Amino acid sequence: MPELPEAETIVRGLRPALHGKVISRARVLRADILRTSPTRFRERVAGRRIQHVGRRGKNIVMELDPPAFLVVNLGMTGRLLTLPSASPSTHPAVRFTLDDGGVLIYDDVRRFGAVEILTPDEWESRSAAMGPEPLDGRFTGRDMFARLQASRSPIRSWLLDQRRVAGVGNIYANEALWRARVHPARPANTLTRKEGVALHRAIRSVLLSAIEHGGTTLRNYRDASGKRGNNASRLCVYGRVRKPCIRCGTEIERIVFGNRSAFLCPECQPREKHHT
DNA sequence: AGTGTATCCTGCAGGC
DNA sequence: TGCCTGCAGGATACAC
């Protein structure tokens, strides 16, 4: 999916269209997107005003009044589209009608996503279970390094675990590791302080740059107005198997672990320290 | 604690 | 053209 930069881009597009609007009703076309019954969902959403549109990790979070949280996780192929949109909704799952006549559609080809309506308590505990926001000032290199030392899991798996850092997915995990010159399979606790700090910086710069470019569209991702992101051409390793490393010319490798592809430059990101 | 495996679901690209 | 396989930005549950 949509990782943090894509969710952030969608939020920025949604905010002006949704802020202050009342959801007059919701129509559920694909009930498996919800985590409750369609009836209960409709009843809990209808009549609430959208007070704030925000993001936590990869989740798009709308704060409603009377107090409730509409939380959207886009899974692999989810979209939140305001109409009229540049790309038509091919697989609509939930359709919200606003009091000003506006329409918001949750669209999802594979339906791995989720649209949930939570109580403030439910949302609070959900959010508390997630790791720090990587772009928040409270997320420091020092902190991250300390937490890396407590884990033996491969660093790429560590980065994908939303309880450790919120919002990093497979694209940006791989990109950040390449920038920091760290092999994705290295156990987290084998990173040196220098590497940990470099990785922390790399995560932030990779995410910030992706947001600046409107997110990465490989296939399905679209922003709230249906437009593609422009970040795909800036990827340095993700999906670049057998293409030359931009830094050193060595062929990029693809390896698989934790059920996901990892991409790396074997020269820039050695698995073991090598002596030169 | 960590890992591999499978699952949810659809579509697309590539090989033959 | 058609059929087959593998692959996909995520998250979770399971057995070991």
Side-chain angles (χ1 to χ4, degrees), chain A residues 1-11 29-35 55-60 71-80 87-94 106-116 126-127 129-131 134 147-178 184-190 203 206-207 209-211 213-223 228-242 254-263:
Chain A
M1 120 156 140
E3 308 181 24
L4 185 154
E6 291 74 36
E8 179 63 28
T9 303
I10 290 169
V11 163
L29 299 107
R30 290 292 199 160
D32 54 359
I33 282 301
L34 310 176
R35 296 293 178 266
R55 177 192 60 72
R56 176 83 171 93
K58 304 173 187 176
N59 300 280
I60 293 157
V71 181
V72 178
N73 185 299
L74 301 162
M76 294 281 248
T77 54
R79 296 176 181 177
L80 269 176
S87 63
S89 171
T90 52
H91 298 71
V94 184
Y106 179 72
D107 180 284
D108 193 344
V109 175
R110 292 175 72 185
R111 302 200 304 283
F112 286 177
V115 177
E116 294 176 274
R126 179 82 63 94
S127 177
M130 289 183 225
R147 290 189 299 119
L148 289 177
Q149 289 187 295
S151 169
R152 298 199 313 274
S153 82
I155 185 63
R156 199 277 309 259
S157 309
W158 194 95
L159 291 173
L160 292 186
D161 186 340
Q162 301 300 297
R163 294 167 300 188
R164 293 175 152 144
V165 185
V168 178
N170 207 24
I171 295 180
Y172 302 112
N174 280 283
E175 292 296 311
L177 288 163
W178 178 83
R186 293 258 307 277
N189 63 358
T190 66
I203 292 166
V206 157
L207 295 177
S209 160
I211 292 170
H213 297 100
T216 301
T217 296
L218 297 179
R219 285 194 172 77
N220 295 284
Y221 167 69
R222 297 292 185 280
D223 72 11
R228 307 166 65 94
N230 296 315
N231 197 63
S233 61
R234 318 182 77 87
L235 299 180
C236 296
V237 273
Y238 186 87
R240 299 191 66 248
V241 221
R242 291 190 300 281
R254 170 180 176 267
I255 61 174
V256 177
F257 64 93
N259 247 339
R260 324 282 302 267
S261 292
F263 302 89

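If you're wondering where the values come from, they're calculated on a predicted model, not measured in any experiment. Reminder, nothing fancy here: chain letters follow the sequence lines and each chain counts from 1.
- Residue A/Ser157 is out of contact with every strand shown, counting any heavy-atom pair closer than 4.0 Å.
- With a 3.5 Å ceiling on both atom-pair distances, the Watson-Crick or G-U wobble partner of C/dA8 is B/dT10.
- Within 6.0 Å of CZ in A/Arg152 there are 12 or fewer heavy atoms belonging to other residues, nucleotides or ligands.
- Under 4.0 angstrom from either OP1 or OP2 of C/dC7 there lies at least one side-chain N or O belonging to A/Arg254.
- A/Thr77 has no side-chain polar atom (N or O) that falls below the 4.0 Å cut-off from OP1 or OP2 of C/dA8.
- Rounded to whole Å, the distance from CZ on A/Arg242 to C1' on B/dG14 is 12 Å.
- Across the P atoms, C/dC3 and B/dC9 are found 23 Å apart, a figure rounded to whole Å.
- A/Asn73 has a side-chain polar atom (N or O) that falls below the 4.0 Å cut-off from OP1 or OP2 of C/dA11.
- Atom CG in A/Asp108 sits about 9 Å away from atom C1' in B/dC9, given to the nearest Å.
- Distance check on atom P: B/dA1 versus C/dG10 gives 24 Å, rounded to whole Å.
- In terms of position along DNA chain B, the nucleotide closest to A/Arg152 lies nearer the 5' end than the nucleotide closest to the other residue of the pair A/Val109 and A/Arg152.
- One atom, CZ of A/Phe112, and another, C1' of C/dA8, lie 9 Å apart when rounded to the nearest Å.
- Cation-pi check for A/Arg156 over A/Phe257 is met; the charged atom lies under 6.0 angstrom from the ring centroid and within 45 degrees of its normal.
- Of the candidates A/Thr9, A/Leu4, A/Ile10, A/Leu4 is the only one forming a side-chain contact (heavy atoms from CB on, under 4.5 Å) with A/Arg55.
- The CZ-C1' distance, from A/Arg219 to C/dC7, rounds to 7 Å in whole Å.
- Straight-line distance between the P atoms of C/dC7 and B/dT5: roughly 14 Å, to the nearest whole Å.
- Between A/His91 and B/dG11, a side-chain N or O to OP1/OP2 separation shorter than 4.0 Å is present.
- Taking every side-chain heavy atom of A/Gln162 into account, C/dA11 is the closest of C/dA11, B/dG2, B/dT10.
- Here A/Asn259 lies in heavy-atom contact (under 4.0 Å) with a base.
- The number of heavy-atom neighbours closer than 6.0 Å to CZ of A/Arg147, taken from other residues, nucleotides and ligands shown, is above 12.
- A close approach under 4.0 Å does occur between a side-chain nitrogen or oxygen of A/Ser261 and OP1 or OP2 of C/dA8.
- Of all nucleotides listed (B/dT5, B/dG2, C/dA8), C/dA8 comes nearest to the side chain of A/Arg110.
- Under 4.0 angstrom from either OP1 or OP2 of B/dG2 there lies at least one side-chain N or O belonging to A/Arg164.
- Between A/Arg56 and A/Ser127, the shortest heavy-atom contact is NE-OG, 2.8 Å.
- Distance CD1 (A/Ile171) to P (C/dA8): 11 Å, rounded to an integer number of Å.
- Atom CZ in A/Arg30 sits roughly 15 Å away from atom P in B/dC8 (whole-Å rounding).
- With rounding to whole Å, A/Arg35 atom CZ is found 16 Å from C/dG10 atom P.
- Side-chain atoms of A/Glu175 never come within 3.5 Å of backbone atoms of A/Leu235 as a donor-acceptor pair (strictly under, hydrogens ignored).
- Here C/dC7 presents its C1' atom at 10 Å from CZ of A/Phe263, a figure rounded to the nearest Å.
- With both ends at atom P, the span from B/dT10 to C/dT1 equals 24 Å, rounded to whole Å.
- Distances from the side chain of A/Ser153 to the nucleotides C/dG10, B/dT10, B/dG2 place B/dG2 closest.
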